[in-house]
2 protein chains.
Amino acid sequence: MMLSRASKYAILSTLFLAEHVKDKKKISVKVIAESIDVPSPFLAKLFQQLVKGKIISSTKGPNGGFYLTKSNQKKSVLDIIENIDGLNRLNECFLGLSECDGSNPCPVHFIVEPFKNSILGKFRDKNIMEFSEEIVSHGRKLSLKDLSPEFDKK
Amino acid sequence: MMLSRASKYAILSTLFLAEHVKDKKKISVKVIAESIDVPSPFLAKLFQQLVKGKIISSTKGPNGGFYLTKSNQKKSVLDIIENIDGLNRLNECFLGLSECDGSNPCPVHFIVEPFKNSILGKFRDKNIMEFSEEIVSHGRKLSLKDLSPEFDKK
DNA sequence: TTTATAAAAGATAAAAAGGTCTTAATATAT
DNA sequence: ATATATTAAGACCTTTTTATCTTTTATAAA
């Protein structure tokens with residue numbers, strides 16, 4: 001019922017890519033890592049895995065970097081989590097009981113269950129772009145620095 | 001927004017003590033560890049800390065073990081969590097953002113917040129015995145083995 | 001008062017998570 | 001073609017969490 005730091009980084013940085021799809025530029029690990037304040041070698045590892053999992057795309061070389069294809073843009077946040085943490089982690093009982101369901105619930109099962117459904121639903125049903133658009137439309141800024149000054153340098 | 005395994009063990013085993021308050025017998029680490037299927041040296045360490053934190057009580061020697069005084073029985077689940085994990089862990093943003101509140105929310109803030117309030121409320125406002133009674137009255141059995149056969153041996 | 005029993009204390013070890021570094025591969029621009 | 005920028009791959013390191021082991025201390029029963 002909780003995300004690893006790795007998953008969180010992966011979600012935030014993929015949302016970052018989503019926010020910048022319109023820029024039609026590839027973005028390097030370094031830029032993203034600095035923007036969302038994450039250790040860049042660690043993020044690089046995560047990105048390797050996300051590329052393998054076809055969640056994001058990359059090209060090497062000058063002006064290379066990471067980006068989202070049309071196909072990538074249809075992935076959900078849950079796809080990211082699944083790719084990094086697997087799904088077990090999210091389905092575990094809040095109190096760690098091995099058997100925990102409606103017929104044999106842990107003490108907080110009926111508090112946790114609606115929340116879990118709600119958040120998993122959101123993570124499953126909205127694709128990356130919709131998720132990103134919702135953030136923007138609600139004026140909910142991720143605590144990511146604005147990328148534009150970096151681009152301007154070139 | 002998530003408990004360590006240590007906290008989970010601590011909660012379950014304290015609830016176990018609560019369920020057996022009426023038996024008026026002290027219970028050893030070994031019995032509890034086997035009942036809730038937790039490594040007993042690890043639980044022993046946790047219990048040391050819970051005793052120091054005055055969440056539970058202990059006596060050494062023959063027929064010694066752990067138990068809840070009247071005062072212990074008034075502690076909340078949140079007291080246990082605070083004693084083992086501290087409170088920070090529960091208050092962290094679901095996506096790991098350093099700044100995340102109503103005025104600068106992360107993408108899932110408004111899903112997570114009501115849940116967090118609900119579960120923290122429950123953990124804060126119910127004391128151990130009330131919590132335990134609720135479990136029993138709802139027929140929600142923890143996946144703890146029944147202790148009675150162990151007692152019968154003596 | 002001796003002995004058995006159980007927790008306390010503290011050192012140590014193993015596993016998992018998080019993070020870094022180095023080298024290789026590859027795409028692009030010149 | 002070559003130099004350069006960038007990801008890919010994989011080995012390695014560090015920290016935190018989880019777990020164990022050994023010795024000491026306290027209690028209570030016989």
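Note on naming: letters A, B, ... go to the chains in the order of the sequence lines (proteins, then strands), and numbering restarts at 1 for each one. What's counted below: heavy atoms across the whole structure, side chains too, no hydrogens, waters or symmetry copies.
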### Summary
Taking for A/G64 and for A/L43 the nucleotide of DNA chain C with the nearest heavy atom, the one nearer the 5' end belongs to A/L43
### Task
Specify the separation, in whole Å, of atom CD1 of A/I84 and atom P of C/dA17.
13 Å
#### Entry: Between C/dG10 (C1') and B/F42 (CZ): distance, integer Å
16 Å
### Query
Quick one: B/L50 CG to C/dA8 P, roughly how many Å, whole number?
10 Å
### Query
Counting only side-chain N and O atoms of B/Y9, is one of them less than 4.0 Å from OP1 or OP2 of D/dA19?
yes
### Query
B/S4 near the nucleic acid: base, sugar-phosphate alone, or nothing, with a heavy-atom cut-off under 4.0 Å?
sugar-phosphate
### Message
Does A/F66 reach a base, just sugar-phosphate, or nothing at all? Heavy atoms under 4.0 Å.
### Response
sugar-phosphate
All N/O donor-acceptor pairs, side-chain side in residues 51-60 of chain A, below 3.5 Å, sequence neighbours left out:
unit_1	atom_1	unit_2	atom_2	d
A/S57	OG	A/N72	OD1	2.6
A/T59	OG1	A/K26	NZ	3.4

### B/D37 side chain to B/E34 backbone, donor-acceptor under 3.5 Å
no
### Message
Without decimals, in angstroms, what is the distance between B/L3 CG and D/dT18 P?
### Response
11 Å
### Message
Side chain of A/Q48, heavy atoms from C-beta onward: which of C/dT5, D/dA9, D/dT18 has the nearest atom to it?
### Response
D/dA9
### Query
Do B/F123 and B/I81 come close enough that some side-chain heavy atom pair is under 4.5 Å?
yes
### Task
To the nearest Å, give me how far apart CD1 (B/I27) and C1' (C/dA6) are.
14 Å
### Query
Considering only C/dA7, C/dT20, C/dA25, which nucleotide approaches the side chain of A/K60 most closely?
C/dA25
### Among D/dT27, C/dT20, D/dT20, the nucleotide that comes nearest once only the side chain of A/P39 is considered
C/dT20
### Query
Just by modelled atom types, is the B/S7 backbone N or O under 3.5 Å from a matching donor or acceptor in the B/S4 side chain?
yes
### Residue B/P41, side-chain heavy atoms: nucleotide from C/dA7, D/dT20, C/dG18 that is nearest
D/dT20
### Task
Decide salt bridge (charged side-chain N to carboxylate O under 4.0 Å, His left out) for B/K122 and B/E134; before the verdict, give the C-alpha distance in whole Å, the side-chain angles of both, and the deciding distance to 0.1 Å.
CA-CA 11 Å; B/K122 185 153 193 170; B/E134 192 197 297; 2.9 Å; yes
### Nearest-nucleotide comparison on DNA chain D, the residue closer to the 5′ end among B/D85 and B/G61
B/D85
### Query
With respect to the phosphate group of D/dA8, does any side-chain polar atom (N or O) of A/S58 fall under 4.0 Å of OP1 or OP2?
yes
### Query
What's the closest nucleotide to the A/R5 side chain, out of C/dA11, C/dG19, D/dA8?
C/dG19
### Task
Starting from P on C/dG18, measure out to CE on A/M2 and report it in whole angstrom.
10 Å
#### Entry: hbond_proxy A/K45 side chain to C/dG18 base (donor-acceptor, 3.5 Å cutoff)
no
### Message
What contact category does A/K52 fall into here, base, sugar-phosphate, or nothing, at under 4.0 angstrom with non-hydrogen atoms?
### Response
sugar-phosphate
### Message
How many whole angstroms separate atom CG of A/L17 from atom C1' of D/dT7?
### Response
14 Å
## Note on the structure
Among C/dA7, C/dA17, D/dG10, the one nearest any side-chain atom of A/R89 is C/dA17
### Query
Is any side-chain heavy atom of B/I84 closer than 4.5 Å to a side-chain heavy atom of B/Y9?
no
### Query
Could you state the CG-P distance from A/L46 to C/dG19, rounded to the nearest angstrom?
10 Å
